[in-house]
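Let me begin by presenting the structure, written as structure tokens, before commenting on it.
Count residues from 1 along the sequence. Atoms within a ligand are numbered from 1 in the order they appear, just like the ligands themselves.
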Amino acid sequence: MLSRPRRNRKNEAVRGMMRETHLGVENLIFPLFLENGQGVKSEISSMPGMYRWSTDMVIKEIEECMNLGISNFVLFPAVAEELKDKMASHSWADDNYYLDTIRKIKQALPDACLMSDVAMDPYSSDGHDGIVENGEIINDPTLEVLNRMSVAQAQAGIDILGPSDMMDGRIGSIRRAVDNAGYSNVSIMSYTAKYASAFYGPFRDALDSAPKSGDKKTYQMDPANKMEAIREAMLDEEEGADFLMVKPALCYLDVIHVLKETSTLPITAYNVSGEYAMLKAACMNGWLDYNKAMPEMLLSIRRAGADAILTYFAKDYAQLVK
Ligand code: PBG
């Protein structure tokens, strides 16, 4: 044998020198769930180790994460049922605690990079990401809602807008709205290829945001499709997105890979709630070794082509490599 690949694996020094993919804490974006109140840290039952935080508590949590090297956070609001309506109008209301929380975090920790969720579902009495009319999710009037929500978040000091709704034309529409309001420096991370996936279940428990009727298949993508992801990516690029996201991550590594090959924009991937719950459950049962399986999962997403990963594992990973 002239060629023996095992020679390049013979010890950690050689393996380290040859390693193709690296995962740093700076590549991670940590999702945090919020709820209105004070002194709240309540665990989400289907996501052990994840909590809903009140503003005062989330500031402490973010500070702790920043000391571990995490600088990027994405914030999701749980909204009281009585504040929900068909138009998600509370999303841009002056007394929306979510906007206030963004303001307070930026005040306390100006170096924390904050990303928002731009979508109607946490505020919608229908639990959908768009306006529902006679059982249909209507696209263009929804864009107006997304514009108002985005401008309100930009005013509050958000660094990156995260439209997760999958309406057509939303990136261009939001880009123009925030530019016209004087916020051309605010970035947009588009949920470019967001699939109608069963892996969002625990997230919907956390926010009580499941659709009241029907499903999300007329706007989120069919899990069978890959070419369609390229089409979405091309549109988002034209419309001014700064980053393209694939969601979920693990069942869609091929989609991450193809977008990395076809776009010049940075690619991110959302390692979603169901992927977190699945691994956590297996580890809690003693069936998998958490400190080995978790970094392997994250590394696979990087290897597929993701520049950054939104993941509930962020803090555990930062602690592990510290
Ligand atoms: C809602 C939204 C969802 C997630 C992020 N934003 C759920 C959905 O589309 O129903 C899911 C994230 C996760 O499962 O971790 N616009």
Side-chain angles (χ1 to χ4, degrees), residues 28-34 44-52 73-79 84 88 90-91 98 114-132 137 139 142-143 145-146 149-150 153 158 160-167 170-171 174 188-223 232 243 245-252 268-281 297-298 301 306 308-315:
L28 303 179
I29 305 170
F30 192 25
L32 294 164
F33 298 108
L34 305 175
I44 296 153
S45 59
S46 48
M47 300 179 76
M50 287 293 118
Y51 303 86
R52 283 199 310 260
F73 303 88
V74 52
L75 305 171
F76 293 100
V79 179
K84 300 183 183 182
H90 192 64
S91 63
Y98 181 70
L114 301 185
M115 175 173 156
S116 68
D117 186 38
V118 180
M120 289 177 61
D121 56 334
Y123 304 94
S124 152
S125 46
D126 294 303
H128 273 289
D129 295 27
I131 301 168
V132 183
I137 316 299
N139 196 91
T142 298
L143 299 182
V145 176
L146 300 175
M149 197 185 307
S150 300
Q153 292 173 355
I158 205 76
I160 305 174
L161 295 164
S164 65
D165 54 282
M166 290 303 278
M167 295 301 118
R170 79 230 200 260
I171 302 304
I174 291 170
I188 301 179
M189 185 181 294
S190 175
Y191 286 62
T192 294
K194 176 172 177 178
Y195 287 88
S197 167
F199 289 89
Y200 309 147
F203 176 98
R204 294 177 188 173
D205 292 344
L207 298 188
D208 198 14
S209 64
K212 302 270 160 45
S213 65
D215 53 40
K216 298 193 174 186
K217 289 182 186 170
T218 68
Y219 45 107
Q220 298 181 348
M221 284 177 52
D222 184 336
E232 289 282 3
F243 315 85
M245 189 202 296
V246 175
K247 175 184 176 185
L250 292 175
C251 293
Y252 300 87
T268 65
Y270 199 143
N271 181 207
V272 299
S273 58
E275 299 172 333
Y276 174 83
M278 210 162 50
L279 183 66
K280 270 278 157 141
M297 255 193 185
L298 294 176
I301 301 168
I309 307 170
L310 297 88
T311 179
Y312 304 98
F313 297 121
K315 192 178 178 189

Taking every heavy atom of M245 against every heavy atom of Y270, the minimum-distance pair comes out as SD-CB, 3.8 Å

So salt bridge (charged side-chain N to carboxylate O under 4.0 Å, His left out) across residues 191-212, not counting sequence neighbours, yields E81-K212

Within the heavy-atom cut-off of under 4.0 Å, ligand 1 is lined by F76, D117, A119, D121, D129, S164, K194, F199, Y200, F203, R204, K216, Q220, K247, Y270, V272, S273, Y312

**Prompt:** Side chains of M166 and D129: closer than 4.5 Å at any heavy-atom pair?
**Reply:** no

Does the side chain of F33 come within less than 4.5 Å of M47's, by heavy atoms? yes

Main-chain N/O of G130 paired to T142 side chain as donor or acceptor, under 3.5 Å = no

CG (L161) and CD1 (I174) are apart, to the nearest 0.5 Å, by 6.5 Å

